[in-house]
2 protein chains.
Amino acid sequence: MSFSHFDAEHCFINKFTTLIAGKWKPILLYLIQNDINRFSLMMEHVPNISRKVLTEQLRGLESDGLIYRDELKSKAPKVVIYHLTEKGEKLRQLVDEIIRWGMTYDKEEVPDEMKKILDSDFAQ
Amino acid sequence: MSFSHFDAEHCFINKFTTLIAGKWKPILLYLIQNDINRFSLMMEHVPNISRKVLTEQLRGLESDGLIYRDELKSKAPKVVIYHLTEKGEKLRQLVDEIIRWGMTYDKEEVPDEMKKILDSDFAQ
DNA sequence: ACAATAAGTTACCGAACGGTTACCTTGATT
DNA sequence: AATCAAGGTAACCGTTCGGTAACTTATTGT
């Protein structure tokens, strides 16, 4: 096999990491998949995130086609529900494999309390 | 299942993307695995990368335990050979799954010339 | 009429990341 | 003695990313 030049633009891994690599994006995808799917719910479950950044990350996931917004019309204060798209669900499957990799390979780097959680059905 | 608060520090996906998400890191891992394993070889095969950034990315991969430096002593001009560690090889396997995901799911976003390459045994 | 609430938006800031250019070190070759 | 080549390091710069704090909009219950 001979190698020509390489271009970061066409690298699949970079495409993948661009999709997933906002600080809060993997967590948001996980939450949305588990019905923590409204702005205020996410604010409750993710401390240390600001409204602005939450909005940005959600908009990013949306414009990459991983989630979609369902804005319920004629509701009291505005109600928006986020859902995974098909693409988002497929990505989540891949994400689950990475988590499995992390659990088996990276286990010694995980704090003890986290291990208990990981041994249950819970995985961030 | 009930949800408590979420912390980006303990997110496996973030750990993974931190390992892999330098602009050139996936490409460098791929090259090293395929014996393009010296500084000057990498400079040849990755146009648009500077010495400084190549050094930084390699140092990052090294300090994350994905590659190691083998500096051949008493050589004419300095010779350094990079190798994947065991951890690096395991990571590459995961990376291959992501590439497979990219090839099947993301195919329509790939330029034609790239498809030919991807259909062969070549994958960045 | 007015306050409360969901879901934002705007202005601003500091740190991190990738990039450019120039310089350095060490041993081999001429 | 001078030069070349491999593999860097140092100084500097602009953009992007996450974060803080304050302001906005629309509707519904009191």
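Every chain is numbered from 1 and lettered A, B, ... according to where its sequence line falls, protein lines coming before strand lines.
For A:Leu94, the side-chain contact (heavy atoms from CB on, under 4.5 Å) partners at least two apart in sequence or on another chain are A:Phe16, B:Ile98, B:Trp101. Partners of A:Thr18 by side-chain contact (heavy atoms from CB on, under 4.5 Å), not counting sequence neighbours: none found. Listed by chain and residue number, nothing satisfies the side-chain hydrogen bond (donor to acceptor under 3.5 Å, both in side chains) test with B:Gln93 (two or more places apart in sequence, or in another chain). Here B:Glu9 pairs with nothing under the salt bridge (charged side-chain N to carboxylate O under 4.0 Å, His left out) rule; sequence neighbours left out. Here A:Arg51 pairs with nothing under the salt bridge (charged side-chain N to carboxylate O under 4.0 Å, His left out) rule; sequence neighbours left out. In this structure, the side-chain contact (heavy atoms from CB on, under 4.5 Å) partners of B:Asp96, at least two apart in sequence or on a different chain, are B:Arg92, B:Ile99, B:Arg100.
Note: NZ (A:Lys73) to P (D:dA26) measures 11 Å, nearest angstrom. Separating the CG atom of A:Leu72 from the P atom of C:dA6 is a distance of 14 Å, rounded to the nearest angstrom. Straight-line distance from the NZ atom of B:Lys23 to the C1' atom of D:dC17: 16 Å, rounded to whole Å. Atoms CD (A:Glu71) and C1' (C:dT5) sit 15 Å apart, rounded to a whole Å.
The side chain of A:Tyr82 places an N or O atom within less than 4.0 Å of a non-bridging phosphate oxygen (OP1 or OP2) of C:dG8. When the side-chain nitrogen and oxygen atoms of A:Arg38 are compared with OP1 and OP2 of C:dT5, none of them lie within a distance under 4.0 Å. For C:dG19, the OP1/OP2 oxygens have a side-chain nitrogen or oxygen of B:Trp24 closer than 4.0 Å.
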Exercise for review: Heavy atoms under 4.0 Å is the rule here; annotate nucleotides 20-28 of chain C 5' to 3' with B where the base is hit, S where only the sugar-phosphate is, and - elsewhere.
Suggested key: B------SS

Below 3.5 Å, can you tabulate the donor-acceptor pairs from side chains in residues 19-29 of chain B to any protein atom, sequence neighbours excluded?
none

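Annotation for B:Leu72: hydrophobic cluster partners, listed by chain and number, are B:Val79, B:Ile81 (ILVMFWY side-chain heavy atoms under 4.5 Å, direct or chained).
Legend: side chain to side chain donor-acceptor pair (under 3.5 Å) pairs involving residues 54-65 of chain B, not counting sequence neighbours, sorted by first then second residue: B:Lys52-B:Glu56.
Near-neighbour residues of DNA chain C inside residues 55-66 of chain B, defined by a heavy atom below 4.0 Å, number-ordered: B:Gln57.
Here the side chain of B:Ser40 is nearest to one of D:dG7, C:dA7, C:dG19, namely D:dG7.
Put simply, the side chain of A:Arg69 reaches to within 4.5 Å of the side chain of A:Tyr82, judged on heavy atoms.
One axis for each end of the helix from C:dA1-D:dT30 to C:dT30-D:dA1, each built from five base pairs, and the angle between them comes to 10° at 10° resolution.
Rounding to the nearest 0.5 angstrom, the gap separating the OG1 atom in B:Thr85 from the CG atom in B:Leu66 is 5.5 Å.
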